[in-house]
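Below is one structure; the comments refer to it alone.
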Amino acid sequence: MDIETLKTLKLHEFEEAATGYRSSSDMASGAKDALEQRITVQMRKVLKGETADGAIGQLREVAKDFHYVQVECGLVATALKAFAADMRPAQDKLKRALSEAAEHKFTVGADGSVSYPAAGENPGGSPPGPSKASGSLDETARRLQGQAADFDPNPNYAIAQGIANRITEALKEATDTDQKWAPQLRKLKADDDLVVSDGDWADVAKDTEGVRGAGRHYLDSLPQPPKDGSPKANADWWKGLDPDQQAAWTALHPDTIGGLDGLPATVRDEANRMVLDTSHGQYQTELNGIPKPPAKEWTWITAGMFPSKVHTDEWMAWDRKYGDRYRHLEASLKGMNAIQNRFDRTSQDGLPDAYLLGFSPEGNGRAILANGNPDTARHQAVYVPGTTSNLSGFGGSIDRTTELWRQTQKAEPGANVSTIAWLGYDAPQDIVKDAPFEHYAYDGAPAYRKFMDGLDASYSGSGEPHRTAIGHSYGTTLIGAAAQKGDLNADDVIFAGSPGVKVGSAAEMDVPKGHVRNEEADGDKVPDIGRWGHGGSQWKLGGGTFLIPSDEVFGANQMNTHPEGSGPSATKGAHGHSEYWNKDTTALKNQALVVIGEYGDVTAPH
């Protein structure tokens, strides 16, 4: 970087280019949404058969292309914007130094040196010629220059030396900025094809990490999200950002934006889909690079009189080296594929758009998915799964909330409902080893309360939304802990197969009297076993300890789970711990009626 280049550098052209890339990103986003939310939806309504399914499948692939363009162009736009922001201080410093030199009638050389004239009269003869000062970044050299200036009778020397040093600083800063950003921008390239592979998305993850690292100073200069902010504070922060700032945060920290309760569902969904796609690309690429487990896992050995089945030595060696990571990658990818499958099923049998409101593949995983936009839904239902829940099995939670949504439409066609599967906590992973402990519920309860409050902060529909908290098994324990330790922002609570909710009375659940409901299917053993670990206490007449929602003294309205009716409208019974959300069951029908507020049609046990 030299003086002339830095002085004449037109940073506004980089900013204009950033605006162009941002427009391209927005257009790609609009095209993706048009394909996913309008075109394929209409096609499903009027076209049936293998040809239609094939066409819709191809359009989904085109939508993936547009999503890739959206993300990569967003990164390019942010990189160009950040480059201009990083370069501007160096250019401004140079321009100020050159302006000061001009004011003193000093001459600046192409190498950054500053020539200055003698000062005052020289009675002994003709005045000496001009002297020259050269800039330095070395601290020792600068101290020596300062000492020389103190003794130099010509005051121009100190001024010229200061200007020369600032010019040198500006050129160094500009060179560093150029060398930092040039390689990052060069990396932002796509394969010359129409297939967005897992490798492409893994490359996007690397691109994002590179631009984020280079743009740290730029991002730090933007308004920061509130630390441990409330959903309302998060919402206010987001609204206070201009579009470029919002885009920069989404491009560089989609995980942060996707996880902020209070932000609009559309914003969180966009950010989390970026994290989903890049994570899938990274995980699948890594999995492909790990040797598959040996085909022969087991063998028989004879120890004493009886043979024993044991792992082969070859399999044990593989397991020690790769096993844990291999299983984590496979399990996480299973959950990611289930989420993508739900996206792909949008509009099938009238299913609404899906919104990914939270996602992380780390540990046991996190995922929050809504059927229908909760920001505009009149009725919201937030379901918490129980023991053994993790990202690998998140497809089951998606299916349950999807069936619940379908049932609300049977009960009231066209009802404006959003049903949400909330895996926002570390659920117990083992029924025997983990489920008896309460810390999983208390550790996860604050996140659930914050999410429920966030639904209020982001709501943009008319009137007040009607919100139902639904828990299954240990998920009911978490909801109870959330109400016990704070305020549960819900209008109704539904428990199913509850082992206890830490409190002994429905009155402690933060909802109006009569709005706590419970389902216990015949053959469900969890409530009777779980009460000894998670039952609550009620020190009133007829009360006691180890109380669960199935107990009459708890005060919950019991909902029927037995078969009802006859003919096409008949419902089936739920007989076990995992059957409350089976299609066309009485248990599911009653839940749906509560979700849409049709309390009068809810049936009690016979």
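Only heavy atoms go into these numbers, but all of them, side chains included; no hydrogens, no water, no symmetry mates. What you see is a predicted model, and the numbers here were worked out from it, not measured in a lab.
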Requested in this report: Tell me, yes or no, whether the heavy-atom count around D228 atom CG, taken from other residues, nucleotides or ligands under 6.0 Å, exceeds 12.
Outcome: no
Report task. Specify the closest pair of heavy atoms between G358 and N272, including all atoms of both residues, with the distance to one decimal. Result -> N-ND2, 3.2 Å
Report summary line: Sorted by chain and number, sequence neighbours left out, ring pair (Phe, Tyr, Trp, His ring centres under 6.0 Å) with W238 holds for none
Requested in this report: Count the heavy atoms belonging to other residues, nucleotides or ligands that lie under 6.0 Å from NZ of K589, then report whether that count exceeds 12.
Outcome: no
N/O donor-acceptor pairs under 3.5 Å from side chains in residues 29-40, not counting sequence neighbours:
residue	atom	partner	partner atom	Å
T40	OG1	L35	O	2.8
T40	OG1	E36	O	3.2

**Report entry** Full working for side-chain hydrogen bond (donor to acceptor under 3.5 Å, both in side chains) between D492 and H466
**Finding:** CA-CA 8 Å; D492 286 286; H466 168 241; 2.6 Å; yes
Report task. Report, as yes or no, whether the 6.0 Å neighbourhood of atom NE2 on H217 holds more than 12 heavy atoms from other residues, nucleotides or ligands. Result -> no
Requested in this report: Any chance you could measure N234, atom CG, to D453, atom CG, to the nearest 0.5 Å?
Outcome: 11.0 Å
Query raised in the report: Is there a ring pair (Phe, Tyr, Trp, His ring centres under 6.0 Å) between Y474 and H534 once you walk through the steps?
Result: CA-CA 9 Å; Y474 196 93; H534 303 304; 5.3 Å; yes
Query raised in the report: Should E61 and D65 be marked as a side-chain contact (heavy atoms from CB on, under 4.5 Å) after you check the CA-CA gap, both sets of side-chain angles, and the distance that decides it?
Result: CA-CA 6 Å; E61 293 303 313; D65 290 340; 5.7 Å; no
Query - Heavy-atom neighbours of E464 CD exceed 12 at 6.0 Å - result: no
Requested in this report: Please check if any side-chain donor atom of E519 sits under 3.5 Å from a side-chain acceptor atom of N590, or the reverse.
Outcome: no
Report task. Apply side-chain hydrogen bond (donor to acceptor under 3.5 Å, both in side chains) to S197 and D200, showing your working. Result -> CA-CA 5 Å; S197 65; D200 290 330; 3.3 Å; yes
Query - D319/R327 ion pair, N-O < 4.0 Å - result: yes
Query raised in the report: Is there a donor-acceptor contact under 3.5 Å linking the side chains of H472 and R400?
Result: yes
Query raised in the report: With a 6.0 Å cut-off on ring centres, are W201 and H67 close enough?
Result: yes
Query - Residues Q484 and Y442: side-chain donor-acceptor under 3.5 angstrom - result: yes
Query raised in the report: Does one side chain, of D375 or S460, offer a donor that lies under 3.5 Å from an acceptor on the other?
Result: no
Report task. Using a strict cut-off of less than 4.0 Å between a Lys/Arg side-chain nitrogen and an Asp/Glu carboxylate oxygen, indicate whether K410 and D584 qualify as a salt bridge. Result -> yes
Query raised in the report: What pairs with Y440 under ring pair (Phe, Tyr, Trp, His ring centres under 6.0 Å), at least two apart in sequence or on another chain?
Result: none
Requested in this report: Assess whether side-chain hydrogen bond (donor to acceptor under 3.5 Å, both in side chains) is satisfied between D353 and N373, documenting all intermediate values.
Outcome: CA-CA 7 Å; D353 292 331; N373 188 343; over 6 Å; no
Report task. Examine the side chains of N489 and R467 and answer whether a donor and an acceptor come within less than 3.5 Å of each other. Result -> yes
Requested in this report: Check whether any side-chain N or O of D434 sits under 3.5 Å from a backbone N or O of P428 as a donor-acceptor pair, and report yes or no.
Outcome: no
Requested in this report: Starting at CG of L75, measure out to NZ of K187 and round the result to the nearest 0.5 Å.
Outcome: 12.5 Å
Report task. Test side-chain hydrogen bond (donor to acceptor under 3.5 Å, both in side chains) on T468 and H379 and set out the steps. Result -> CA-CA 8 Å; T468 304; H379 303 284; over 6 Å; no
Query raised in the report: Crowded around I431 CD1? As in, over 12 foreign heavy atoms under 6.0 Å?
Result: no
Query raised in the report: Do the side-chain N and O atoms of R342 and N371 include a donor-acceptor pair separated by under 3.5 angstrom?
Result: yes
**Report entry** Salt bridge present between K189 and E72 (N-O < 4.0 angstrom)
**Finding:** no
**Report entry** Qualifying residues under ring pair (Phe, Tyr, Trp, His ring centres under 6.0 Å), relative to F394, sequence neighbours excluded
**Finding:** none
Report task. Pick out which of Y383, Y580, W581 makes a side chain to side chain donor-acceptor pair (under 3.5 Å) with Q591. Result -> W581
Report task. Could you tell me which residues satisfy ring pair (Phe, Tyr, Trp, His ring centres under 6.0 Å) with Y218, sequence neighbours excluded, listed by chain and number? Result -> none
Report task. Kindly determine whether V493 and H515 satisfy side-chain contact (heavy atoms from CB on, under 4.5 Å), including the steps that lead there. Result -> CA-CA 6 Å; V493 172; H515 285 252; over 6 Å; no
Requested in this report: Answer yes or no: is there a donor N or O on one side and an acceptor on the other, between the side chain of R212 and the main chain of L252, under 3.5 Å?
Outcome: yes
**Report entry** Audit row: V384, Y425, side-chain contact (heavy atoms from CB on, under 4.5 Å) steps and yes/no
**Finding:** CA-CA 9 Å; V384 185; Y425 80 116; 3.8 Å; yes
Report task. Walk me through it: do V417 and I596 pass the test side-chain contact (heavy atoms from CB on, under 4.5 Å)? Result -> CA-CA 8 Å; V417 178; I596 60 176; 3.8 Å; yes
**Report entry** Carboxylate-amine/guanidinium proximity below 4.0 Å for D261 and R268
**Finding:** yes
Requested in this report: Hey, could you give me each pair passing ring pair (Phe, Tyr, Trp, His ring centres under 6.0 Å) that has a residue in residues 252-291? Not counting sequence neighbours.
Outcome: W249-H253, Y283-H328
Query raised in the report: Are Q340 and D344 linked by a side-chain donor-acceptor pair shorter than 3.5 Å?
Result: yes
Report task. Report the distance from atom CG of L593 to atom OG1 of T408, rounding to the nearest 0.5 Å. Result -> 10.0 Å
Query raised in the report: At what distance, to the nearest 0.5 angstrom, does CG of N390 lie from OG of S397?
Result: 9.5 Å
Report task. Could you tell me whether D528 atom CG has more than 12 heavy atoms of other residues or ligands within 6.0 Å of it? Result -> yes
Query raised in the report: With distance as the sole criterion, is a donor-acceptor pair present between the side chains of T476 and S498 under 3.5 Å?
Result: yes
Requested in this report: State whether D277 and K64 are salt-bridged, where the test is any N-O pair (Lys NZ or Arg NE/NH1/NH2 against Asp/Glu carboxylate O) under 4.0 Å.
Outcome: no
Query - D349/R44 ion pair, N-O < 4.0 Å - result: no
Query raised in the report: Between R22 and D26, is there a side-chain N and carboxylate O pair less than 4.0 Å apart?
Result: no
